[in-house]
Amino acid sequence: MRRRVVITGIGILTAHGTGKDATWSRIKSGASGISDITSFDSSKYRAKQGGEIKDFEEIPLANLKDKRLDRATRLLVHAAREALEEADIFHFLKNHPVLLSLGTTLGGMISGELFHKEVLALGLNRARLSLVHDYLAHCQAINVFKEFKLRGDFLIFSNACASGANAVGQAFNSIRCGEYDLAVCGGYDTMSEFTFAGFNSLMAMSPSLCRPFDKNRDGLVLGEGAGIMVLEELEHALKRNAKISGELAGYGESSDAYHMTCPEPSGKPAAAAITKAWNEAGNPQIDYINAHGTATKFNDPMETNAILSALGERAGEIPVSSTKPMIGHLLGGAGAVEAIISLFSIMHKTLPPTINYETPDPECGLNIIKEAESYNVKTVLSNSFGFGGSNAAVILKEYE
Amino acid sequence: MNRIIITGIGLITPIGVGKEQFWQNVISGASGVGKTNRFPSLPELLCGEISDTDAVEDLSDRRLRRSANISKYAFAAANLAINDAWDKPADNINTALIFGITHGALNYTQAFHSALLREGVDAASPLFFSDSVLNAPASNTSICLGLGGSVHTLVDGSAAALKAIMLARRLLDGGSADRVLIVCAEELNELSLSCYLQKGISPLSEGSGALLIERETTEGSPTRGNDNKISYCRISGTASIFNPSYPAAALTDALTQCLEKADMDAENIDLIVAGRDMQAGPPFKGVSTVSITHLTGDAFAATALWHVILGSLIIKNGKIPEAVITNKASMPDQVRNVLVYTNDGQGIASAVSLSI
C-alpha cells in the first residue's frame, strides 16, 4: 500500500500580503494585488503593472548574513519560516534529514542584473563579486538550510512556470516511495526587469487587465512571491500530533515536445499529466480546478482542451478559476502558491474567483467562476504548464 | 528496487566528441585545456574549449541553428547517447529527460540584458530571452527528440549531475518512465569566467555529457528486450547529502549511504572517480583515484557526468588509463565497482556507485 502524504505547514507570500490569513482573505474577496510596478521603471514597456509585494516586513534573520542576500532568498526564507512554524517541526529537524524541494525560474536574478549593470558601467574587474553571491538558482536553497540549520538534501527544479508544481510533486513522490518522511517544498520568484522585458519581447503581457479564459484576453500579468508547504507521511504526522491541513493525493507530469514558447494546442500532453495525477489519486470527483489560466492567447484554449480530454463528460461542469489576475503569474512560484490556494479552497469551502472575467470565449468552454462562492470543496486539481512544454498537475484533497 | 543499467553514452568535451575519441584521448593523456583569446574583455586565459564545432553542428538539429551553444551541446550529447543505445528509433513517449545544470545559457542571458540596457526595450530579442531560461537546453533537447515523458532541469553545482541520476532512478523505480536520458551541459561565458578567475577557480571548460539508463531484465539485458547491445555497467547506489553545519560529515555520510544502498562496503570499491583535489577519507585510503579535470577543465555538472562516463568506460573496457590517475594506490586486476562523487567543501556531497 502506498504511503499517504499530508500537509502540516503552509507559508505564503504574494502581492496579497504576508501569511495565509491575509492572502486568503483577499483572494476570497476578489481583491486585486496588481498595481503599477515600483521596483523599476516600467513606463517604456507595453504593460506597466504587476503583482509586487509592497508591504513586506522581513523578520530578522537568525543565521544568515543580511547584506548579500537577493530578494529571492528573503521571500523564500520568510515563507519557509511560516510553514515550519505552523508545522511546529524545528525540534524534529535538529535530528532528522529533510528534503527541500523547490521550484524557481530566476533564482537570484535581481542580483545578476545589478552585477551586470556594474560590469557595463565599471568594467569586469570592478563590478562587485558579492553581488553574484546569491545569483545562482540553488543558492537560495543553501540559504534556507543555513538559516534554519537543516540537514538532508535539496532539489531545485527550474522547469519554467511548472517549476513550483514539479517541486511539490517530486517531494510528494519522495515521501510516497519512502525516501523521506518529511519534505519542505514549494516555489518562489521575484519581480525582475529582465523577466519583465523578456515577456514584453514575447508580447505575452497584457497592457490592460489579465482576463483568463475571457474572449478579450490579451496576456498575462507578472507577480512575485513564494509558497512553501511541509509535507509529511501520514503516520509520521499522526505520531507527533501534527495539525493536518489537507492531503496531497496525486501528481502527474509530462512534456509537450512541441515548441519552446507555444503550448501544444490539442492539450493532449497536458491532459496526460492531469490523467496521471487523477489516476494516482484514485479518480476522485474533482470539485474545483485551480487552472494555470495565464490569459495568453494560446494557454487558455489548450488548457480547456486538456481538462475536457482528461476528466471526461463532467469536466465542463467542474468549477474552474484562475487566481493569477489577483496576484500575477509567479512563474517558478506559481505552481506552489496555487496549490496552497487550492488547499485554502478546501479548508474554507469556498471557490476562489476569476476576477476580470467578463466575456466567455467559445474556445474556452469551462465553468469559469467569476465571484467567490461557498461550495463543498473536497478535492481540487491544480494545473501548471511551463515554457518549453513542461506540464504538471497536483491533486489535493480534504484529509479524512 | 530495480537494477538500473547504463545503455548509452554521449559526450561533447574539450578532449573529443563521442566516446571513442574521448577514450582515446584519455588513454593518450591529450589535454583539451589551452590558451584562448575568445573573450576580448578578458586577458588570454586557460580554458577547455570545444574545438570541433563542425562535429557538434553535424550532430545538431536544424531547429537549434539559432540556439545557444549550451543547447547545441546538450542535444548533440543526448543524440549520441540514444544512437549508442538503440539501433533504431524507439517510442519516446515514456522516455524522460533529467538535466543537470549549474549556470545555463549565460551568453544569451548576457546578450539579452546588454541589449535591454544599452539599446532599449525594443532591442531585447525574444529569441535570446526564450533560450536564456534555465530549462531551455532540456526543453530544446526534448523537443528535437520528441520526448513526451518527464523533463526536468535540476540546478546545483557539480552535484546536479549525480542528483539527476538519483531522480532518474526514482522515475524508473516508480514506473513513470521506461528509460531516462541524463544530460548535463555548460558553456563558457566571459562574466562567469571573470568571477571564477577572481575566486582562483581555473581552468573552466564547456561541453556536455549524456547517459541513457534503463531497467535491467532478469536476463541482464535492457527491458526493451530483443536488443543485442549490452550495457556499460549498473548504477548500484546513489546518495546525496547537504549539511552546511558540518561540511566534513556530508561527504562521509554520502559515501556511506551510497554504499549501503549498493549493499557494499568500502573494501568492495576498486576505484574512485572525483574532482582533482578531493579526498574520500580513511576507509578508501588504499583505493586509487582518477579524475578528468586536468585534461578537460571544470564544467561543473557536466564534468561530474563526464566522471560517471569515465567510470563506466573503465568498467566496460577493463582498463584504468594512466593519464587520469591522480592518486595511485593499489591497482585492481579487474575494476568491478567504481565510486564517483562530488564534494563542494561547503556541505554538498553526492555519490554514485557503478558496478559491473
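Quick caveat: nothing in here was measured; it's all calculated off a predicted structure. Values below: every heavy atom of this structure, side chains too, minus hydrogens, waters and symmetry copies. A note on names: the letters A, B, ... follow the listed sequences, proteins ahead of strands, and every chain is numbered from 1.
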query: Where do B:Ser194 and B:Gln198 land on the side-chain hydrogen bond (donor to acceptor under 3.5 Å, both in side chains) test, with the steps shown first?
result: CA-CA 6 Å; B:Ser194 170; B:Gln198 288 179 61; 3.2 Å; yes
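- Residue contact with chain B, scored on non-hydrogen atoms closer than 4.5 Å, involves the side chain of A:Glu179 exclusively.
- A donor-acceptor pair shorter than 3.5 Å can be found between the side chains of A:Glu113 and A:Ser192.
- Note: B:Cys195 leads B:Gly146, B:Ser245, B:Cys195 in heavy-atom pairs under 4.5 Å with chain A.
- When heavy atoms are compared at a cutoff of 4.5 Å, A:Leu100 does not approach chain B at all.
- A:Tyr135 touches chain B through its side chain: at least one heavy atom from C-beta onward sits under 4.5 Å away, while N, CA, C and O do not.
- Under 3.5 Å, the side chains of A:Asp134 and A:Ser111 contain no donor-acceptor pair of N or O atoms.
- Judged by distance alone, the side chains of B:Glu187 and B:Tyr73 never bring a donor and an acceptor atom under 3.5 Å apart.
- Side-chain contact of B:Ser71 with B:Asn140: a donor-acceptor pair under 3.5 Å is present, judged by distance alone.
- Listed in order of number, the residues of residues 155-163 of chain A that approach chain B to under 4.5 Å between heavy atoms are A:Leu155, A:Ile156, A:Phe157, A:Ser158, A:Asn159, A:Ala160.
- A donor-acceptor pair shorter than 3.5 Å cannot be found between the side chains of B:Thr342 and B:Ser158.
- Checked against side-chain contact (heavy atoms from CB on, under 4.5 Å), A:Pro269 has the following partners two or more places apart in sequence or in another chain: A:Ser254, A:Asp256, A:Glu264, A:Ser266, A:Asn391.
- Of the two parts of B:Leu116, only the side chain, counted from C-beta on, holds a non-hydrogen atom closer than 4.5 Å to a non-hydrogen atom of chain A.
- A donor-acceptor contact under 3.5 angstrom links the side chains of A:Tyr251 and A:Asn166, judged on distance only.
- B:Phe129 and A:Phe194 have tilted rings, their planes meeting at an angle from 30° to 60° on a 0 to 90° scale.
- Using bins of under 30°, 30° to 60° and over 60° for the plane-to-plane angle, the ring pair A:Phe90/A:Phe148 lands in the tilted bin.
- For the set B:Gly157, B:Ser176, B:Gly104, the entry with the most heavy-atom pairs within less than 4.5 Å of chain A is B:Gly157.
- Chain A forms the most heavy-atom pairs under 4.5 Å with one residue out of B:Thr141, B:Val133, B:Leu147, and that residue is B:Leu147.
- Interface check for chain A: of the options B:Asn135, B:Leu42, B:Thr109, B:Asp131, the most heavy-atom pairs under 4.5 Å are formed by B:Asn135.
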